[in-house]
Amino acid sequence: MNRTLFVPFMLGTAALPLSAQKATPPNIVLIMCDDMGFSDLGCYGSEIQTPHLDSLADAGVRFSQFKNTGRSCPSRASLLTGRYQHEVGMGWMTAVDEHRPGYRGQISKTYPTIAEILKANGYDTYMSGKWHVTVDGAFDGPNGSYPTQRGFDRYYGCLSGGGSYYEPTPLYNDLTPVTDLPDDYYYTTAISDSAVSFIRQQPTDAPMFLYVAYYAPHLPLQAPADRVEKCKARYRVGYDVLRKQRFEKQKALGLVPAEMELPVYNREFGGKRPAWEELTDSQREQWIQDMATYAAMIEIMDDGVGQIVEAFREKGNLENTVFLFLSDNGATLEGGYLGQLMADLSNTPYRSYKKWVYQGGTSTPFIMTFGNTGKNVLKGQVCKQVAHIIDLLPTCMDLASASYPSDRFEHADLPGTSLLPAVRGGALQNRTLFFEHQSSCAVIADNWKLVRNDLNSPWELINLSTDPFETKDLSTRYPEKTRELEQMWDHWAKTHRVLPLENKSWTERINYYKELNPDQSGREE
């Protein structure tokens with residue numbers, strides 16, 4: 001499979017004349033990866049080799065306080081609609097339509113996607129990769145919620161949230177199922193190749209919006225053997241050494257406060273997190289193999305990012321293109337005991353994992369880079385302002401000078417804010433952010449965070465200005481602040497289709513709502 005050689009991003013990116021900038025809205029490339037931890041890119045502290053994303057970060061700006069929803073399809077719903085996931089029907093997962101307003105298992109058609117908005121403003125729209133916002137019961141045929149039915153002119157990718165990298169299913173080309181795959185097929189490479197083909201076919205005199213949704217490095221751990229082998233040596237020192245190295249690099253990069261010490265999260269391991277030396281020889285060898293595979297999956301994705309950048313360069317319109325990159329949530333402990341130790345490294349320095357709304361679950365790398373180098377005001381710097389995934393749609397609208405299509409859609413009152421003031425060196429307005437997934441809940445207001453593990457756990461009050469790693473619960477010390485934030489969360493939940501919270505297990509929840517509501521087609525009246 002052909003891969004693009006690394007070319008420094010800065011090469012060949014001379015600024016366009018002002019007249020040209022005004023004449024043609026910029027191409028917007030929004031790239032999302034899956035289940036990747038905060039520290040897993042080289043430019044966020046990692047030993048994983050990501051030269052193309054690092055180059056974008058060096059040319060543009062990276063955020064240290066960018067938040068997501070803590071889980072895959074809720075984050076995708078928020079990205080696509082600029083709203084909290086419950087508002088648009090994606091409060092839980094695509095696994096089941098609960099026939100409750102906030103929990104329909106897919107995005108409501110009454111809320112436009114970013115593709116529908118930009119298409120109404122003259123953009124050609126393309127998507128390659130993981131969709132994961134159509135209810136699973138509709139995977140056998142279009143029900144009105146497939147990508148090309150929600151604003152994308154072209155689509156190549158898989159509707160589901162997980163599966164094989166060698167035989168992903170259900171795989172679609174626009175609305176046509178794809179079942180015949182070549183022997184050397186690898187999903188990450190196919191996503192990149194599809195994105196490049198869209199770039200090449202796009203007329204140069206029309207702006208394009210390209211959403212590239214990688215499945216990597218989501219489980220299962222699958223990568224070509226030669227790529228895995230190249231990564232193995234660096235993991236033989238074990239996760240304790242690597243975690244410290246990542247943390248020190250994060251300090252040097254300005255991603256975490258220089259005076260902070262790296263915490264050990266014993267609570268997440270039932271009271272005692274094991275040291276590397278405490279694992280058996282076979283456990284250590286398996287962790288090395290698994291972590292090398294994980295790293296290879298990210299490095300192959302990074303190759304694809306380089307391929308995408310190069311396609312714009314070859315086309316001659318890199319200078320009028322903007323790149324945005326993020327992960328949908330933090331790393332996951334779904335891989336068992338060794339998988340949790342992998343995630344503990346990936347989410348350095350934060351606590352907890354995907355599925356929970358502690359910092360480890362909701363913190364993501366976020367990079368924004370203009371191809372026009374003159375627009376990268378904070379070139380190579382770290383923006384420490386708090387941002388959220390609901391901000392991406394208004395940011396893209398701002399980039400495109402796009403207006404909301406009020407003639408076709410209601411709900412123009414977007415809760416997010418454009419991040420362009422921040423990337424230009426200005427300040428974002430203070431606001432309160434809310435979180436909920438599987439009854440793990442949180443609210444962030446100023447420097448305070450109220451968070452709980454689940455419906456049956458007590459609230460914890462965290463002062464993020466002094467404890468960004470969430471190690472000290474101050475709820476008993478500041479009961480009035482705890483009550484104030486809890487009331488704020490309750491009001492948000494009541495007004496955003498979050499309640500009632502569901503406490504059933506995964507399988508129990510799916511079976512209960514399928515029995516209660518046999519219609520799982522996802523078709524809206």
Side-chain angles (χ1 to χ4, degrees), residues 30 32 34-35 66-117 130-136 145 147 150 159-161 211 213 326-330 354-358 361-364 366 387-396 409 411 413-417 431-444 451 454-455 489-502 506 509-510 513 522 524:
L30 179 52
M32 173 183 273
D34 198 321
D35 285 10
F66 191 97
K67 304 303 173 187
N68 56 63
T69 72
R71 195 67 176 268
S72 178
C73 37
S75 281
R76 291 161 207 279
S78 290
L79 177 148
L80 286 164
T81 66
R83 292 186 170 274
Y84 288 110
Q85 64 270 27
H86 310 80
E87 269 195 287
V88 298
M90 198 63 258
W92 190 49
M93 305 296 289
T94 63
V96 64
D97 179 358
E98 299 182 3
H99 286 257
R100 298 193 288 150
Y103 300 89
R104 298 304 306 268
Q106 65 185 28
I107 297 173
S108 168
K109 67 180 181 181
T110 62
Y111 293 87
T113 68
I114 188 171
E116 289 169 318
I117 292 174
K130 174 175 171 176
W131 180 236
H132 206 200
V133 285
T134 289
V135 69
D136 290 11
S145 75
R150 293 309 311 265
L159 301 179
S160 65
Y211 174 32
L326 73 158
S327 178
D328 62 348
N329 46 249
K354 164 188 172 182
K355 295 195 299 186
W356 291 275
V357 297
Y358 295 98
T362 62
S363 298
T364 177
F366 176 67
H388 191 278
I389 198 166
I390 59 174
D391 299 332
L392 293 185
L393 186 146
T395 300
C396 290
F409 295 96
H411 313 298
D413 55 332
L414 295 170
T417 185
R431 63 252 173 80
T432 302
L433 298 174
F434 299 92
F435 306 82
E436 189 281 330
H437 182 69
Q438 291 186 168
S439 81
S440 182
C441 312
V443 53
I444 297 176
V451 59
D454 54 44
L455 188 59
W489 187 91
D490 286 342
H491 176 76
W492 170 79
K494 290 174 182 176
T495 56
H496 286 72
R497 301 176 177 174
V498 179
L499 303 176
L501 296 180
E502 181 59 82
W506 178 278
R509 182 169 184 169
I510 293 171
Y513 283 107
E524 296 187 53

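- Of all non-hydrogen atoms in Ser78 and Arg83, the two that sit nearest each other are OG-O, 2.8 Å.
- His388 NE2 to Ile444 CD1: the interatomic distance, rounded to the nearest 0.5 Å, is 8.0 Å.
- Although no hydrogens or angles enter the test, the distance criterion places no donor-acceptor pair under 3.5 Å between the side chain of Ser440 and the main chain of Trp356.
- The minimum heavy-atom distance between Leu501 and Cys441, with the atom names listed, is CD1-SG, 4.1 Å.
- Within the 3.5 Å criterion, the main-chain N or O of Ala493 finds no donor-acceptor partner in the side chain of Glu436.
- Using modelled atom types and a 3.5 Å distance limit, the side chains of Ser363 and Lys67 yield a donor-acceptor pair.
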message: Evaluate Arg76 against Lys130 for side-chain contact (heavy atoms from CB on, under 4.5 Å), listing each step before the verdict.
response: CA-CA 9 Å; Arg76 291 161 207 279; Lys130 174 175 171 176; 3.7 Å; yes

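- Rounding to the nearest 0.5 Å gives a distance of 8.5 Å between CG of Leu30 and CG of Leu80.
- Put simply, CG on Leu79 and CD1 on Ile390 are 11.5 Å apart, with the number rounded to the nearest 0.5 Å.
- Smallest separation of non-hydrogen atoms from Thr417 and Thr395: O-OG1, 3.9 Å.
- Side chain to side chain, Thr94 and Asp136 meet the donor-acceptor criterion of an N or O pair below 3.5 Å.
- Ala77 approaches Gln85 most closely through the heavy-atom pair CB-CB, 4.4 Å.
- Atom-to-atom distance recorded for Leu392:CG and Thr81:OG1 is 11.0 Å, nearest 0.5 angstrom.
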task: Verify side-chain contact (heavy atoms from CB on, under 4.5 Å) between His437 and Asn329, making sure each step is shown before the conclusion.
output: CA-CA 12 Å; His437 182 69; Asn329 46 249; over 6 Å; no

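- Ring pair His86/Tyr103 is perpendicular by interplanar angle, where above 60° counts as perpendicular and below 30° as parallel.
- With Arg431 contributing its side chain and Pro415 its backbone, the two residues share no donor-acceptor pair below 3.5 Å.
- The shortest distance between side-chain heavy atoms of Glu502 and Arg100 falls below 4.5 Å.
- Note: Tyr84 and His496 have perpendicular aromatic rings, judged against thresholds of 30 and 60 degrees for the angle between ring planes.
- For Trp131 (side chain) and Ser145 (main-chain N/O), a donor-acceptor pair under 3.5 Å exists by modelled atom type.
- Residue Thr432 holds its OG1 atom at 12.0 Å from CH2 of Trp492, rounded to the nearest 0.5 Å.
- The side-chain contact (heavy atoms from CB on, under 4.5 Å) test with Arg104 singles out one residue from Glu98, Met90, Arg497, His99, and that residue is His99.
- To the nearest 0.5 Å, the span separating CG on Leu393 from CD1 on Ile114 amounts to 4.5 Å.
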task: Go through the steps for Gln438 and Arg71 under the test side-chain contact (heavy atoms from CB on, under 4.5 Å), then give the verdict.
output: CA-CA 10 Å; Gln438 291 186 168; Arg71 195 67 176 268; 3.4 Å; yes

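- None of Thr362, Thr69, Asp34, Asp328 except one satisfies the side-chain hydrogen bond (donor to acceptor under 3.5 Å, both in side chains) rule with Ser75; the exception is Thr69.
- In this structure, Met32 and Ser327 approach most closely via the heavy-atom pair CG-C, 4.4 Å.
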message: I'd like to know whether Tyr358 forms a side-chain contact (heavy atoms from CB on, under 4.5 Å) with Phe435, so could you lay out the CA-CA distance, the side-chain angles of the two residues, the decisive distance to 0.1 Å, and finally the verdict.
response: CA-CA 10 Å; Tyr358 295 98; Phe435 306 82; over 6 Å; no

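- Between Pro112 and Thr110 the shortest heavy-atom distance is CD-O, 4.0 Å.
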